[in-house]
2 protein chains.
Amino acid sequence: MGRRREFDVEQALEAALCVFWRKGYEGASYNDLTRATGVERPALYSAFGNKEALFLRALERYEEQQLGFLPEALAQSTSRDVAEHVLRGVAELNTRHPEHSGCFIVNGALAGSDESEPVRQALITARAKGEAQLRERFERAQQEGDLPATTNCAALAAFLMAVTHGMAVQAKSGFSREALDAVADQALATWPTNA
Amino acid sequence: MGRRREFDVEQALEAALCVFWRKGYEGASYNDLTRATGVERPALYSAFGNKEALFLRALERYEEQQLGFLPEALAQSTSRDVAEHVLRGVAELNTRHPEHSGCFIVNGALAGSDESEPVRQALITARAKGEAQLRERFERAQQEGDLPATTNCAALAAFLMAVTHGMAVQAKSGFSREALDAVADQALATWPTNA
DNA sequence: CAAATTAAATAACGATCGTTACGGTAACGA
DNA sequence: TCGTTACCGTAACGATCGTTATTTAATTTG
């Protein structure tokens with residue numbers, strides 16, 4: 001019963017995601033969000049709750065819609081193919097949209113005022129989740145003999161994440177897809193093998 | 001002539017640097033800055049100009065006082081030693097101060113509102129400067145036979161910078177010195193050589 | 001059709017943002 | 001000692017921040 005919602009919630013969330021992607025959590029104002037979504041502030045509040053909740057919804061959407069290459073990567077048969085898939089996916093994702101380059105999770109809230117601490121922690125958790133998935137995949141590869149027994153799988157996962165985060169910083173600084181691919185190539189050149 | 005300044009400008013700048021280091025450009029308010037420096041707002045304006053000018057002064061100070069390991073690294077005799085020195089220096093710097101972890105230049109303004117665009121560009125320039133110095137050093141190493149002729153020196157420099165930026169993100173996320181050193185080790189694992 | 005319920009839109013809330021007038025104070029030159 | 005100069009601190013500026021009360025419009029239910 002009652003009046004029907006006149007805007008598409010998913011569509012508004014997508015627009016909000018783009019704003020946060022470009023300006024980060026604190027850098028995005030409700031003026032920006034209403035302009036991008038075409039939805040007035042009270043409607044955003046009624047649909048999503050406050051700014052923090054809207055951002056966390058955008059984070060969920062980002063993970064679901066944009067990070068699909070990660071499960072794909074984890075499904076590769078060798079650890080090197082996993083790493084390559086991750087690095088290519090990151091290079092592509094970080095440069096796919098000229099108007100919001102880099103990574104939503106890195107741009108979102110690296111530093112900021114104390115008020116953004118919950119958001120910062122959520123992004124730290126999101127990064128840790130990806131790193132844990134990689135570490136577990138590398139540990140499996142080690143058990144399968146795909147990686148040397150001497151390999152520090154946790155360090156290898158942290159290294160791969162570091163490269164992707166660095167690529168995200170560079171993408172936000174204006175690096176081209178090709179430049180990021182060159183970074184990926186170099187990272188893969190250091191990959192351990194049993195050969 | 002006239003009344004003497006009652007605070008130490010360099011000391012206030014150091015305190016402001018710490019605030020920006022921790023909260024970034026936009027995340028740091030004048031309330032934060034006056035609290036940390038012990039200097040009232042009008043005195044900060046008279047000594048440094050506006051917030052943007054103060055931040056740029058802090059950037060200069062950071063480069064001079066905190067990035068001393070970079071010229072040291074460039075002076076190493078092999079490209080691998082250069083890279084190792086850079087990575088160790090970054091791991092140490094990013095975890096030296098618990099109250100403001102990570103890198104000032106990465107934390108400063110990765111994403112943000114449009115008003116922070118000049119600061120963002122200044123930080124991009126600062127990063128590009130470091131990358132150019134590394135590239136030139138690697139090109140010299142290549143001419144000296146320290147690096148293979150097939151090495152893409154620009155890509156190698158970009159890769160090394162990517163790792164340092166990624167380590168900065170991780171440090172800001174709470175990574176320990178040891179965890180960052182492990183990332184550095186992995187990055188150095190198969191540095192290109194002529195051996 | 002009338003009552004009830006939900007959303008949209010305007011407009012305003014208090015708080016904080018970066019910035020600056022202004023009046024009082026300390027140190028200089030004459 | 002007096003006038004000038006520069007700094008200090010209080011307090012306020014207009015603008016914008018995230019958030020919400022309120023009114024109006026649209027839709028459903030009885």
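A, B, ... follow the sequence lines: proteins, then strands. Residue 1 opens every chain. All values below were derived from every heavy atom in this structure, side-chain atoms included, with hydrogens, water molecules and symmetry-related copies excluded.
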Quick check on C:dG18: is either OP1 or OP2 less than 4.0 Å from any side-chain nitrogen or oxygen of B:N50? no
When you check every protein heavy atom under 4.0 Å of nucleotides 1-13 of chain D, what one-letter string (B, S, -) results, 5' to 3'? ----BBBSBB---
Nucleotide [N], atom [atom2] - distance to [atom1] of [X] in whole Å:
X: A:L44; N: D:dT19; atom1: CG; atom2: P; answer: 11 Å
X: A:F55; N: D:dT19; atom1: CZ; atom2: P; answer: 14 Å
X: B:Y45; N: C:dC22; atom1: OH; atom2: C1'; answer: 17 Å
X: B:E115; N: D:dA15; atom1: CD; atom2: P; answer: 13 Å
X: A:D32; N: D:dA15; atom1: CG; atom2: P; answer: 18 Å

Indicate if B:M167 and A:V183 have the same hydrophobic cluster label, given that clusters are the connected sets of ILVMFWY residues with side-chain heavy-atom separations under 4.5 angstrom. yes
Is [X] reaching over with its side chain to a backbone N or O of [Y], donor-acceptor style, under 3.5 angstrom?
X: B:R137; Y: B:L74; value: yes
X: A:K51; Y: A:A28; value: yes
X: B:R120; Y: B:L110; value: yes
X: B:N94; Y: B:C103; value: yes

Partner of C:dA30 under the Watson-Crick or G-U wobble criteria, both distances under 3.5 Å, comes out as D:dT1
Just checking, is any N or O donor in the side chain of A:Q143 or A:E139 under 3.5 Å from an acceptor N or O on the other one? no
For DNA chain D, determine which residues of residues 14-31 of chain B have any heavy atom closer than 4.0 angstrom to one of its atoms, and list them numerically. none
To the nearest 0.5 angstrom, please state how far the CG atom of B:L56 sits from the CG atom of B:L123. 8.0 Å
Ring centres of A:F55 and A:F104 under 6.0 Å apart? yes
